[in-house]
Peer 1: 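Just passing along the structure, written as structure tokens.
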Amino acid sequence: MKSKTDKLDALRHSASHIMAQAVLKLFPGTKFAIGPSIENGFYYDFEFTEKMSEEALSGIEHEMGRIIREEQEFICEEITKKEARGIFGGQPYKLELIDGIEGDKVSTYRNGDFIDLCKGPHVRNTSEVKHFKLLKLAGAYWRGDEKNKMLTRIYGTVFPSEKELEEYIRVLELAKERDHRKLGKEMDLFSIHEDIGPGLIYWHPRGAMIRKVIEDFWREEHIKNGYELLFTPHIAKIDLWNTSGHTGFYKDNMFSTMNIDEMEYQLKPMNCPFHIMIYKTGLKSYRDLPLRWCELGTVYRYEKSGVLHGLMRVRGFTQDDAHIFCREDQLQEEIIKTIEFVIFILKTFGFEEYEVYLSTRPEKCVGDLKMWEKAEEALKKALIKTGLVYEVDPGEGVFYGPKIDIKIKDALMRTWQCSTIQVDFNIPERFDMTYVDNDGREKRTIMIHRALLGSLERFFGVLLEHHGGRFPLWLAPVQVDIIPIKEEQAGYAVSIMNKLKENGIRARINDKDSKLGKKIWSSRQMNVPYMAIAGDKEVKEGRISVRKLTGGDLGAMEIDNFIDILKEEIFLKK
RNA sequence: GCUGGGAUAGCUCAGUCGGUAGAGCACAUGCAUGGUAAGCAUGAGGUCGUGGGUUCAAUUCCCAUUCCCAGCUCCA
């Protein structure tokens, strides 16, 4: 397994060299920076002397083809830094890289007339790079730092076989097809009004229905799992945010304050301080803990204009937030329970695969080191106990504590950050949160912040793309479209609809179009899971003809029989 | 925020090398009364993102601005 990915990496890395070689040939004077292999391909960053456009890509591809046909060998050479500086004299980015390398030798790879500073490995010969394609052009900062110069990045991909390349391009097209912004419009689920406020979501009736089903399920399961529900305001005086530390460490992400009665108020970017206020309304005994308080809390965060993206990255969103207040001896168990709860919820929504990350203390943070270590240790232990495979993401924690992030893998194997579990020793300190222990002394409360779905907006977007708009029956906003063939069956259609509604099924009559074929087509366009078709024959027999979006014609059946099928499928949440 | 591209009817898009614009779908009306993936006809719809400039004349050219898209950086 490992060697296979290494081989693919070498192939992609080699392709990036060939691309750089082609670019330098076609555009002399271009400075080249770095060109690694990445998850689905490779890129190379350049500083061009003139403006580049995507039209240039096919020319570069052509030149690459020529290099490949020349069957140039990749040759590794160890040279001294001094020699390297000579070779890359006109290449400032390479010189900077050489300076950053330890020791006084560097390795280079040469093929044909092209040489690059590179630790390899590569394939043996350019002819091995057969099935490649350049994909797009984009800006990228030198060394990924926004203070640095912006370079031009060319993305490409290469696979060992034509079949795999085609498959990858097919997945890219599929992803475009099921883009949640496209489906959201087509299925009339939500909208964003750029002129009225970018990054703010309007849920239409069908989208709102899905959200309602998600929320109902979420609340029910939380209550079952020992949580209690909260509702808190959307604004608070700035003092609260000074205490929590947000004005210091989260300022860039907050909307500006508003002045009310000479006082500064702040729109909330997080829910935690509000939950803490509730905690502090009374003395808590060690017997009260753990307290598990959850809220579908809407928060507003300022996001830079360029990062907004449909439902995935917005400025106003509802977190499925909860805070668990507990004693130190309860911490481990609570984290484990939370992890298990996350997995259960995600599985129910059809997500079976995850990537788990443990993010540790960032540079900008509050609290002392010991507390951070304690918190990181607690998360790590819990992960080990649950047996989940995880990776450490150093420095990626939140300013008040480390976290476990669970990223969902969707149907197209893309990952999405949704769930997060954060241990926090710091904010309880800042708010002086305590409980009275069994020895009568006050002890510091520990807090876990967690969101399972992350934000309802993002989760909905992921869910939409994961299912490609074909929601499982329990989530579908309209579960059954009733299609009368002629106007004479209108009354019968209404009676069927009422019967379904009485049984808690979301049914609608589709009689807008004139032809049966068109009605079926339009129901399919909206991804309605079931159609119940009624014509003369069905009315006479007191039945309906059932058609399934994913299963074709199921034939005629009694309405009660149909209801049983629907109820079973809804119950199973499949 | 940065780099590049873009903004034309409700949606998807075409177009005018400067003389105020068009298609398909959707919508409305009429015809058709249809049996399992798009019936036919007619009609209504746009100060061509916003503000300024050049010009006899700007949707088109120039500048600014807002927003969108692909990335970068950042993130639920």
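Letters A, B, ... are given to chains in the order of the sequence lines, protein chains preceding strands, and every chain is numbered from 1. Treat the numbers as computed from the prediction; the structure is a model and nothing was measured.
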Peer 1: What is the nucleic acid contact for A:Ile520, judged by heavy atoms within less than 4.0 Å: base, sugar-phosphate only, or nothing?
Peer 2: base
Peer 1: Which of the following nucleotides, B:U36, B:A38, B:G39, is nearest to the side chain of A:Trp521?
Peer 2: B:A38
Peer 1: Determine the contact category for A:Arg181: base if any of its heavy atoms lies under 4.0 Å from a base atom, sugar-phosphate if only primed atoms, P, OP1 or OP2 are that close, otherwise nothing.
Peer 2: sugar-phosphate
Peer 1: Using OP1 and OP2 only, check whether a side-chain N or O of A:Lys149 sits under 4.0 Å from B:U3.
Peer 2: no
Peer 1: Distance check: side-chain N/O of A:Lys518 vs OP1/OP2 of B:G39, anything under 4.0 Å?
Peer 2: yes
Peer 1: Does B:A76 have OP1 or OP2 under 4.0 Å away from a side-chain N or O of A:Lys403?
Peer 2: yes
Peer 1: Decide yes or no, distance alone: a donor-acceptor N/O pair under 3.5 angstrom between the base of B:C75 and the side-chain of A:Arg301.
Peer 2: no
Peer 1: Does the B:A26 base have a donor-acceptor partner in the side chain of A:Gln525 within less than 3.5 Å?
Peer 2: no
Peer 1: Please confirm whether the shortest side-chain N or O distance from A:Lys136 to OP1 or OP2 of B:G71 is below 4.0 Å.
Peer 2: yes
Peer 1: Measuring centre to centre across the rings, with the benzene-like ring taken for any Trp, is A:Tyr155 within less than 6.0 Å of A:Tyr43?
Peer 2: yes
Peer 1: NA contact type, A:Gly144, heavy-atom cut-off 4.0 Å: base, sugar-phosphate, or nothing?
Peer 2: sugar-phosphate
Peer 1: Using the six-membered base ring of B:G71, report whether A:Tyr155 stacks on it, requiring centroids under 5.5 Å and planes under 30° apart.
Peer 2: no
Peer 1: By nearest heavy atom, map A:Thr152 and A:Leu516 onto RNA chain B; which one lands nearer the 5' end?
Peer 2: A:Thr152
Peer 1: Indicate yes or no: does A:Lys519 engage A:Asp511 in a salt bridge with an N to O separation below 4.0 Å.
Peer 2: no
Peer 1: Is the base of B:G45 syn or anti, where syn means the angle lies within 90° of 0?
Peer 2: syn
Peer 1: Taking only side-chain N and O atoms of A:His309, does any of them lie within less than 4.0 angstrom of OP1 or OP2 on B:A70?
Peer 2: yes
Peer 1: Determine the contact category for A:Ser545: base if any of its heavy atoms lies under 4.0 Å from a base atom, sugar-phosphate if only primed atoms, P, OP1 or OP2 are that close, otherwise nothing.
Peer 2: base
Peer 1: In whole Å, what separates the P atom of B:A21 from that of B:G46?
Peer 2: 13 Å
Peer 1: Can you confirm whether the side chains of A:Asp321 and A:His449 place a donor and an acceptor under 3.5 Å from each other?
Peer 2: no
Peer 1: Say you pick atom P in B:C13 and the same atom in B:C17; how far apart are they, in whole Å?
Peer 2: 23 Å
Peer 1: In a check of ring-ring contact (aromatic ring centres under 6.0 Å, His included) between A:His222 and each of A:Phe344, A:Phe217, A:Tyr227, which one passes?
Peer 2: A:Tyr227
Peer 1: Start at the 5' end of RNA chain B and walk down; is the nucleotide closest to A:Ile192 or to A:Glu457 reached first?
Peer 2: A:Ile192
Peer 1: Counting only distance, no hydrogens or angles, is the base of B:G34 paired donor-acceptor with the side chain of A:Ser514 under 3.5 Å?
Peer 2: no
Peer 1: If you take atom types as modelled and just measure distance, does the side chain of A:Gln489 reach the base of B:G35 with a donor-acceptor pair under 3.5 Å?
Peer 2: no
Peer 1: Between the side-chain atoms of A:Tyr141 and the base atoms of B:G71, is any donor-acceptor pair under 3.5 Å?
Peer 2: no
Peer 1: Cation-pi check for A:Tyr357 against A:Lys407: NZ or CZ below 6.0 Å from the six-membered ring centre and within 45 degrees of the axis, yes or no?
Peer 2: yes
Peer 1: In whole angstrom, give me the gap between the C1' atoms of B:U8 and B:A14.
Peer 2: 10 Å
Peer 1: Hey, what's the ring geometry for A:His193 with A:Tyr202, parallel, tilted or perpendicular (30° and 60° as the breaks)?
Peer 2: perpendicular
